[in-house]
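Data first, discussion second: the structure below is written as structure tokens.
One-based numbering along the sequence shown.
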Amino acid sequence: MKEPEVTLTLAMEHGLTAAEFDEIIKRLGRVPNFTELGIYSVMWSEHCSYKNSIKLLKTLPRSGGRLLVGAGEENAGLVDIGDGLAIAFKIESHNHPSAVEPYQGAATGVGGILRDIFTMGARPIAALNSLRFGSLSDDRTRFLFNGVVEGIADYGNCFGVPTVGGEVYFDECYQGNPLVNAMAVGIVKHGMTASATAEGEGNPVIIVGSSTGRDGIHGATFASEEISEKSEAKRPSVQVGDPFTEKLLLEATLEVIRKGYIVGIQDMGAAGISCSTTEMSAKGNHGMEINLEKVPLRETGMTAYEIMLSESQERMLVVAKKEFEKEIKEVFEKWDLHCETIGVVTKDRKVKINYQGALKADLDPYDLVLGGGAPQYDRETKRPAYLDETNKFDKNAVPAPSDLKSAVLKVLSSPVIASKKWVYRQYDSMVRTNTVLGPGVSDAAVIYIKDTEKAIAVKTDCNSRFVYLDPYEGGKSAVAEAARNVVCTGAIPLAITNCLNFGNPYKPEIYWQFTEAVRGMGDACRFFETPVTGGNVSFYNEAPTSAVYPTPVIGMLGLIEDRSHITGMQFRNEGDLIVVAGEDIEEIGGSEYLKVIHGAVTGNPPLCDLAKEKKLQEFTLAVIKEGIVVSAHDISEGGFVTAIIESCICEPDQAIGAEVEIKGNREDFAFFSETQGRIIFSISPESLSQFQVLADKYGVPVKIVGKTGGTAVKINRMEFKLNELKDKYYGTIPEIMA
């Protein structure tokens, strides 16, 4: 098959700019051939190179605390939890594939992030997700929602990892471009980790796992452009997953790592063989000579270009210690997986690709990779004009609802607030029997670390409306709330991973949002001493009409040293006191109340006072450690009234009523304010004095607002029967999806 002539036009069709094409010619000293052009196009795509974000990402705190492996160093971050153990965790997006093929797009997103974890030598112990869709009144949104949830469930359940938590939001801004972010968590002993590196001249380069087909070709490029009416034609760019093969790959991979047979290993995710050969070579300051005729193929007539760019799933590239090549093949054959030597490590820093007797590529790997010779850009920024209007918002001009009780029920049954049990009941959250607190019963998921007294808490979080209305404050709040969520379970926040979902970075207003959000995240992470272990940037999240809200999703990891301190959010006992810690200043900008009752997304979001937030979190950990807290639940979307109701009914079989009184300048604002830095506790009356002493010590204002008990929730003059609340909270999404 004759390869096409490489021209500027062809390069631009591959997503490269004229300046980038000129730079490639300059570096090579010649025009690249067709296969080389394909390799450059995927490796210099936004998805692989982070060319428009890497400079800003370097401003985030990437060291300190218990961090063992930080951002950009390996396939996932690594954090020490003591007892000779470490946690590997990471989050990534699969937005564009899920927009055109929701089931496979979501499933392969889960598969890819799991491979990032076990390529580190860590066994996956939990999966989470962060999902965002348009309005559920739309037929296509329901199709996408159903397909994504099914894809996540099928892959995780078949693979055998518990899906323990996540978040689901609905807003019109995601109508044409849903966000599907997948997070995975694994555990590994110190000294048993693996690196994604190629070293040692003459060491064999081996491809393991599934065979290679045409699925996923140019998937990285597809993820680096806007969704359009032509996107449906990009279905071939969506990979096809096989969780059963991945489970075999997991066991084989961990075995060869544990036995010390390998030098390095890397998942073949975005850009496939192109990425793994060049990144491993660049990291080890070596090269590779590859023979593509040795690659197991599932389709006939594949070209070198197609083999190099294929993103077929469940594959790894292994650099073996030459003396253990035979043993490695025996392990993978035992697990019924392909294991073929396709090349060797070379001393010179060149990746040479041979196929059918011809040299198809001869490239310096350093020129291609993130953090190496790939482009790095500074983009123009401009404060968006819409902020001039949203900042004019006067909350006092908002009319009070004529029927506050109806407003409470309407907010509670909003798809954003309502229980996501329809989603998480499809996930196996208990497989492996480590899950202590799973979906819906606490502010973060809690996983017990077997053979220790420890547990970890994990959470994904971001209020994208807040980021839209003030990217800096919203970025701070995303980190602060994620930290507050793990603290409510009794965990000390340790580190974060992030998935930064934004629109087109070439638009100055979008890049301003990105810049400010990263600045806010960085300030918060430094304040909470939660370094960034890595993650993912996903640009070009735009439908033909507009961009999504800026959505920097935070994946937070916390550590509970003593599992007797694990705390949920369900009220437990009759007659316990309900206490609110933190002050409310009745902020409704960007609130669910303002959107659902008044149809507006406007105003300034709640300010995030990091100093007050940290005091609140330290106080919370102290009262939990002292054993004087029955439950803890932060106040976030939907405000105080939603948090109270959730603490009453989050475990429907153990639902308990409450009687509370909430006062404020305006009753509706006091009910629905989303002021940050507030937590609702239930405590026994006997614990009140000790609770107050600790509140005074940490300088945290606390107020008794009521007590638990009965079969109704009584708030001021209103009364809600528990069954009525459960019907609204648990029935909304199933009714829509029926």
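Checking side-chain atoms of Lys476 against main-chain N and O of Cys608 turns up a donor-acceptor pair under 3.5 Å. Here the side chain of Lys703 pairs no donor or acceptor atom with the backbone of Val579 at under 3.5 angstrom. A donor-acceptor contact shorter than 3.5 Å links the side chain of Ser591 to the backbone of Ile588. Between the side chain of Tyr730 and the backbone N or O of Ala418, no donor-acceptor pair lies under 3.5 Å. With Asn541 contributing its side chain and Ser538 its backbone, the two residues share a donor-acceptor pair below 3.5 Å. Under a 3.5 Å cut-off, the side chain of Thr497 and the backbone N or O of Gly534 do form a donor-acceptor pair. The backbone N or O of Ser631 lies less than 3.5 Å from no partner atom in the side chain of Thr567, so there is not a single donor-acceptor pair. Of the possible donor and acceptor atoms, one in the side chain of Gln570 sits under 3.5 Å from a partner among the backbone N and O of Cys648. In this structure a side-chain-to-backbone donor-acceptor pair under 3.5 Å is present from Ser413 to Lys410. Judged by distance alone, the side chain of Asp403 and the main-chain N or O of Lys405 form a donor-acceptor pair under 3.5 Å.
Atom CD of Gln654 has more than 12 heavy atoms from other residues, nucleotides or ligands within 6.0 Å. Atom CD of Glu509 sits in a crowded spot, with more than 12 heavy atoms from other residues, nucleotides or ligands closer than 6.0 Å. Other residues, nucleotides and ligands place more than 12 heavy atoms under 6.0 Å from the NZ atom of Lys595. Within 6.0 Å of atom NZ in Lys614, more than 12 heavy atoms from other residues, nucleotides or ligands are found, so the atom counts as buried in its surroundings. Crowding of Lys420 atom NZ: a count of heavy atoms from other residues, nucleotides or ligands under 6.0 Å exceeding 12. Environment of CD1 in Ile492: sparse, with no more than 12 heavy atoms of neighbouring residues, nucleotides or ligands closer than 6.0 Å.
To the nearest 0.5 Å, atom CG of residue Asn504 and atom CD1 of residue Ile510 are 7.5 Å apart. Within the model, atoms CG of Asp461 and CG of Leu128 stand 11.5 Å from one another, a figure rounded to the nearest 0.5 Å.
Phe640 and Phe672 have their aromatic ring centers separated by at least 6.0 angstrom. Aromatic ring centroids of Phe671 and Tyr593 lie 6.0 Å or more apart. Phe133 has its ring centre no less than 6.0 Å from the ring centre of Tyr174. In this structure, Phe145 has its ring center closer than 6.0 angstrom to the ring center of Trp422.
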Stepwise side-chain contact (heavy atoms from CB on, under 4.5 Å) test for Asp443 and Lys459: CA-CA 8 Å; Asp443 285 343; Lys459 174 68 175 180; 5.9 Å; no

Asp668 vs Ile597, side-chain contact (heavy atoms from CB on, under 4.5 Å): CA-CA, chis, key distance, verdict: CA-CA 11 Å; Asp668 59 330; Ile597 304 302; over 6 Å; no

Side chain to side chain donor-acceptor pair (under 3.5 Å) between Thr708 and Glu574, worked out: CA-CA 5 Å; Thr708 62; Glu574 295 270 347; over 6 Å; no

Criterion side-chain contact (heavy atoms from CB on, under 4.5 Å) on Phe528 and Glu613, from CA distance to verdict: CA-CA 9 Å; Phe528 293 119; Glu613 183 74 55; 3.5 Å; yes

Intermediate values then yes/no, side-chain contact (heavy atoms from CB on, under 4.5 Å), Leu688 and Ile683: CA-CA 7 Å; Leu688 179 59; Ile683 62 173; 4.1 Å; yes

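No side-chain donor-acceptor contact under 3.5 Å links Thr642 and Glu637. Looking at Asn485 and Asp634, their side chains do bring a donor and an acceptor atom within 3.5 Å of each other. In summary, the side chains of Ser130 and Glu167 do present a donor paired with an acceptor at a separation below 3.5 Å, with no hydrogens or angles considered. With no hydrogens or angles considered, no side-chain donor-acceptor pair links Ser93 and Asn181 at under 3.5 Å. At a cut-off of 3.5 Å, with distance as the only test, a side-chain donor of Asn95 or Asn501 sits close to an acceptor on the other residue. Using modelled atom types, one finds no donor on one side chain facing an acceptor on the other under 3.5 Å when comparing Asn177 with Glu542. Looking only at atom types and distance, the side chain of Arg379 has no donor-acceptor partner in the side chain of Thr381 under 3.5 Å away. Donor-acceptor pairing under 3.5 Å is recorded for the side chains of Thr675 and Asp584. Gln175 and Asp138 share a donor-acceptor pair across their side chains, judged by distance under 3.5 Å alone.
When all heavy atoms of Gly664 and Glu586 are compared, the pair lying nearest together is CA-OE2, 3.1 Å.
Cation-pi contact between Lys697 and Phe619: absent, since separation from the ring centre below 6.0 Å together with deviation from the ring axis within 45° is not met.
Among residue pairs with one or both ends in residues 553-573, those qualifying as salt bridge (Lys or Arg N to Asp or Glu O under 4.0 Å) are Arg66-Glu561, Glu453-Arg563, Lys454-Glu561, Arg572-Glu651; sequence neighbours excluded. Residue pairs satisfying the ring pair (Phe, Tyr, Trp, His ring centres under 6.0 Å) criterion with at least one member in residues 462-492, sequence neighbours excluded, are listed as follows: Tyr386-Tyr468, Tyr468-Tyr549.
No salt bridge links Glu724 with Lys726; every basic N to acidic carboxylate O contact stays at or beyond 4.0 Å. Electrostatic pairing of Lys615 and Glu618 does not count as a salt bridge here, judged by no charged N lying under 4.0 Å from a carboxylate O. Ion pairing of Glu380 with Lys382 is absent here, as no side-chain N (NZ or NE/NH1/NH2) approaches a carboxylate O to less than 4.0 Å.
Exactly one of Leu469, Asn604, Leu594 qualifies for a side-chain contact (heavy atoms from CB on, under 4.5 Å) with Phe393. That residue is Leu594.
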